[in-house]
Number of protein chains: 2
Amino acid sequence: MTTPPSTGKRSSRSRPTRASKALREGQNRFVSIWGEMGSSWGIPRTMAEVHALLYIVGEPLNTDQIMERLAISRGSASMSLKSLHDWGLVGRAHKRGDRKEYFRAEQDVWQVFRIITRERKRREIDPVLMALHDCRDVTGPRAADLESCETDVESHNDRLDRMIEFIELIDSLADQFVSPAGKGLQLAVGLLGKAV
Amino acid sequence: MTTPPSTGKRSSRSRPTRASKALREGQNRFVSIWGEMGSSWGIPRTMAEVHALLYIVGEPLNTDQIMERLAISRGSASMSLKSLHDWGLVGRAHKRGDRKEYFRAEQDVWQVFRIITRERKRREIDPVLMALHDCRDVTGPRAADLESCETDVESHNDRLDRMIEFIELIDSLADQFVSPAGKGLQLAVGLLGKAV
DNA sequence: CCTTAGTTTCAAAGATTTTTGAAAGAACTA
DNA sequence: TAGTTCTTTCAAAAATCTTTGAAACTAAGG
């Protein structure tokens, strides 16, 4: 799948070329940007950085390489990798004659965001929707008549219903994007994008 | 805009009816859910709770009412309200013969999410795109020939370009949603939703 | 101009989240 | 089985983020 032994940056212990130094710098910047972004969206910075490193390097790395590259502890690396694996953003790989475990990040950007969408929907949106429905039940069934004409309760229910309706729409959009047949959305989105 | 003096929940110091207790409970639940959700998406829990309270109560509240209702300090309330006002999610209001300042949350759910989208785009996505472009520059112009045939640099650049392209697409989608003429997206989204 | 009611600010305290590192656990080899 | 190598776990430490509360500030009323 990847090219042969890859005559990569510094395979033969040669001194770094100008290009390989730029590459290193580019990778480091990407890692920082992604880490920063992750943390502003509620994802642990280190987890995002590990992901960024694996994505941008393109080929599998082992725990020691990741630790060294990001200057983090073994425990932290292991935990971030576990989370990334749970999300499905990172897969395990092995190299012949090397007992170490290697990790490879999904390389298809669309797939990356489909996975992120799927997981955030599952972990955050769906539970919120559940809770909102429970919350809605507290103030009675639709068009209820608890006492007689409790307009406060009615407008409360309207506000809840509008919010629930909106979030359900987002939820179903996420479904579209995530689904294997989600190419539909991909296409539609492309068209919309053009129609600026 | 709102109904008269509003014969609200407990205007005349009467004992709470069953319905008004349910209403209170429903509001509290909504506040908790929204606070929880905010914090999982990188928004301070209290700020999200203040927003939730103002949204679900529907009518303007003053700082003391918010402090009491959420059991938070004056400083915290003031800071959250400032942020919400900066975002544009909350407006100031005044009542005749009352020197206190009142705060009212935007009530249109679509508008709420348009605002959130606009602000997150402005504060988080756009800066990331800038940084990614700078990062891209580090490894030379498109189809560069830094040394000769540095395939590592080339594939690095490809990965960056794919990521940038995707985020730019999201960015322009966000534009569509945010724009006043964004009804287009609203519509398209509605159609897509149906086409499940 | 002074008083008073209300609001904002910000350093320190408190709470929460993240990282570390060492010990326990697994998996392989001889 | 014992030894070796690598991985995971988790309690404590560190870092980060949030809240508090009292002082500074602002504006309205007298």
Side-chain angles (χ1 to χ4, degrees), chain A residues 31-32 34-54 60-87 89-104 120 123-124, chain B residues 31-32 34-54 60-87 89-104 120 123-124:
Chain A
V31 165
S32 300
W34 210 240
E36 185 77 16
M37 185 168 116
S39 77
S40 80
W41 288 86
I43 276 123
R45 177 187 248 85
T46 299
M47 173 176 160
E49 287 193 350
V50 172
H51 178 240
L53 180 65
L54 291 173
L61 299 180
N62 64 40
T63 306
D64 294 270
Q65 294 172 311
I66 294 167
M67 285 166 62
E68 191 208 318
R69 200 63 198 278
L70 301 179
I72 59 176
S73 70
R74 186 170 302 281
S76 191
S78 173
M79 278 176 151
S80 291
L81 287 165
K82 180 174 185 338
S83 298
L84 288 166
H85 188 254
D86 290 348
W87 277 64
L89 288 167
V90 159
R92 295 169 196 277
H94 294 278
K95 295 205 168 170
R96 298 229 151 286
D98 186 346
R99 276 177 58 188
K100 285 195 174 69
E101 199 153 27
Y102 283 72
F103 299 89
R104 182 218 315 294
R120 293 212 86 149
R123 299 170 191 219
E124 279 133 33
Chain B
V31 164
S32 300
W34 210 241
E36 185 76 15
M37 183 168 117
S39 76
S40 79
W41 287 86
I43 276 122
R45 177 186 248 90
T46 299
M47 173 175 159
E49 288 192 349
V50 172
H51 178 240
L53 179 65
L54 291 173
L61 298 181
N62 65 40
T63 306
D64 294 86
Q65 294 172 312
I66 295 167
M67 287 167 58
E68 191 208 318
R69 199 62 198 277
L70 302 179
I72 59 177
S73 70
R74 185 169 302 283
S76 190
S78 173
M79 279 174 151
S80 290
L81 288 165
K82 181 177 186 331
S83 297
L84 289 166
H85 189 253
D86 290 348
W87 277 64
L89 286 168
V90 158
R92 295 170 197 278
H94 293 279
K95 295 206 166 166
R96 299 231 148 284
D98 187 344
R99 278 174 58 187
K100 286 197 174 65
E101 200 153 27
Y102 283 72
F103 300 89
R104 179 214 320 291
R120 293 212 86 149
R123 298 168 191 220
E124 279 133 34

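Every chain is numbered from 1 and lettered A, B, ... according to where its sequence line falls, protein lines coming before strand lines. Since the model is a prediction, treat every value here as computed from it, not as a measurement.
- Taking a 6.0 Å sphere around NZ of A:Lys82, one finds it holds 12 or fewer heavy atoms contributed by other residues, nucleotides or ligands.
- Taking CG of A:Asn62 as the start and CZ of A:Arg99 as the end, the distance is 13.5 Å to the nearest 0.5 Å.
- Atom-to-atom, CD1 of B:Ile66 to C1' of C:dT8 comes out at 15 Å; the value is rounded to the nearest Å.
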Which parts of nucleotides 2-9 of chain D does protein reach within less than 4.0 Å, heavy atoms only, written one letter per nucleotide 5' to 3' as B for base, S for sugar-phosphate only and - for none?
---BSBBB
Would B:Thr63 and B:Arg74 satisfy side chain to side chain contact (heavy atoms under 4.5 Å, CB included), going step by step from the backbone distance to the final call?
CA-CA 7 Å; B:Thr63 306; B:Arg74 185 169 302 283; 4.1 Å; yes
Can you give the dot-bracket line for DNA chain D, where a pair is Watson-Crick or G-U wobble with both atom distances under 3.5 Å, crossing pairs use [ ], and | marks a partner on another strand?
||||||||||||||||||||||||||||||
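- One can place CD1 of A:Ile72 at 21 Å from P of D:dA13, the figure rounded to the nearest angstrom.
- Here CG of B:Leu81 is found 4.5 Å from CD1 of B:Ile66. Values are rounded to the nearest 0.5 Å.
- Atom pair A:Ile43:CD1 and C:dT18:P shows a separation of 11 Å (rounding to whole Å applied).
- Between the CZ atom in A:Arg92 and the OH atom in A:Tyr102 there is a gap of 15.0 Å [rounded to 0.5 Å].
- With sequence neighbours excluded, the residues that form a side-chain contact (heavy atoms from CB on, under 4.5 Å) with B:Arg45 are B:Glu36, B:Ser39, B:Glu49.
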Given the rule in the side chain to side chain contact (heavy atoms under 4.5 Å, CB included) test, do A:Trp87 and A:Met47 qualify, once you have shown the distances and angles that lead to the verdict?
CA-CA 11 Å; A:Trp87 277 64; A:Met47 173 176 160; 3.6 Å; yes
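- If you take CG on B:Leu70 and OG on B:Ser80, they are separated by 8.5 Å, rounding to the nearest 0.5 Å.
- Atom CZ of B:Arg45 and atom P of D:dT16 are 21 Å apart (whole Å).
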